[in-house]
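Keep in mind it's a predicted model, so treat the numbers as computed, not measured. Within every chain, numbering begins at 1; the chains are lettered A, B, ... in the order of the sequence lines, protein sequences first and strands thereafter.
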Amino acid sequence: AHGTGSVCPSCGGPTLAPQAERALVLELAKQQILEGLHLTSRPRITHPPPQAALTRALRRLQPGSVAPGNGEEVISFATVTDSTSACSSLLTFHLSTPWSHHLYQARLWLHVLPTRPGTLYLRIFRWGPSRRRQGSLTLLAEHHITHLGWHALTLPSSGLRGEESGVLKLQLDCGPLGGNGTVIGQPRQLLDTAGHQQPFLELKIQANEPGAGRARRR
Amino acid sequence: TPTCGPATPLCCRRDHYIDFRELGWRDWILQPEGYQLNYCSGECPLHLAGSPGIAASFHSAVFSLLKANNRWPASTSCCVPTARRPLSLLYLDRNGNVVKTDVPDMVVEACGCS
């Protein structure tokens, strides 16, 4: 308004020309959205997920609002590296927001291929945070897969915390469940990563610590 | 709050829909396709300034403070938002992750004179 020589229209001053007002409103909208999302500029998406994978992932999420208290839900698609020496896969996730400390729910969605008849025994490990020594693996969860296709596997949120680099690596090891409960796996591809069946991680993040607002008000 | 008509001089809510295509942002904001960015405009004559019930907004508090400190032109009152609601957004972040979040105070629902 200063630039055009008029005063703020909200304060009863002369109104802007329609073209100028429209430009101002669009600029305000941009600023409002970026500010609301705590971004300094719009993100440049260099590797957008395939449309079909995106649609499939969004359909699998629970509808409705996000968590109360400025929560966020994040879907992160995995980059999958199959191991040729064992029935295992390495999943790498690149996360942008400082999610780690406020994570309260995590689910890993996998599309499991038909490897062999019977129950499949799946173990999910996490590669240690980068500050620790290389090669440290922590067992996060164990699941029995009784049918093929999509599975939503719950991961302990406490086991995923502590990562500050934004890169999360999970290793999946699988094999048929033997009579004594031991894994007797043979080399076999576990995940279907072609045909837009890309695995993804569903994270629920609370922006504020529980009770933080109440403590501030007191 | 009255919605602004073509010749409404007094403080009112101007309804304005922003399509994210207009911003060139449809490639990273997945849902919704746009939102109702309403804003407040119009005159606030003296008898409407600081009317009960509309002085409770953050904006009103700021304007009152400015007036109290003589940093604001005398007898000027502004038409400001007095009620807002959040907007749910689904967008892609720079790593191609999908983020679903509620952004507070995005949609102006009511206006009033400070």
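- Residue B:Ile18 touches chain A through its side chain alone, counting heavy-atom pairs closer than 4.5 Å.
- With a threshold of 4.5 angstrom between heavy atoms, A:Leu39 approaches chain B through side-chain atoms but not through N, CA, C or O.
- Heavy atoms closer than 4.5 Å to chain A are found nowhere in B:Leu87, neither backbone nor side chain.
- Aromatic pair B:Phe20/B:Trp25: centroids not less than 6.0 angstrom apart.
- A distance-only check finds no donor-acceptor pair linking the side chain of A:Gln31 to the backbone of A:Leu28 [under 3.5 Å].
- Put simply, the side chain of B:Asp19 gets close to the backbone of B:Arg21: a donor and an acceptor are under 3.5 Å apart.
- Ranked by heavy-atom pairs shorter than 4.5 Å toward chain A, the options B:Val103, B:Asp105, B:Val98, B:Leu37 are led by B:Val98.
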Checklist entry - Hey, mind stepping through B:Arg14 and B:Ser41 against side-chain hydrogen bond (donor to acceptor under 3.5 Å, both in side chains) and telling me if it holds? => result CA-CA 7 Å; B:Arg14 199 165 289 276; B:Ser41 72; 3.1 Å; yes
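- Proximity to chain B (any heavy atom under 4.5 Å) is shown, for A:His94, by both the backbone and the side chain.
- Annotation for A:Phe77 and A:Ala57: closest pair CZ-CB, 3.7 Å, computed over non-hydrogen atoms.
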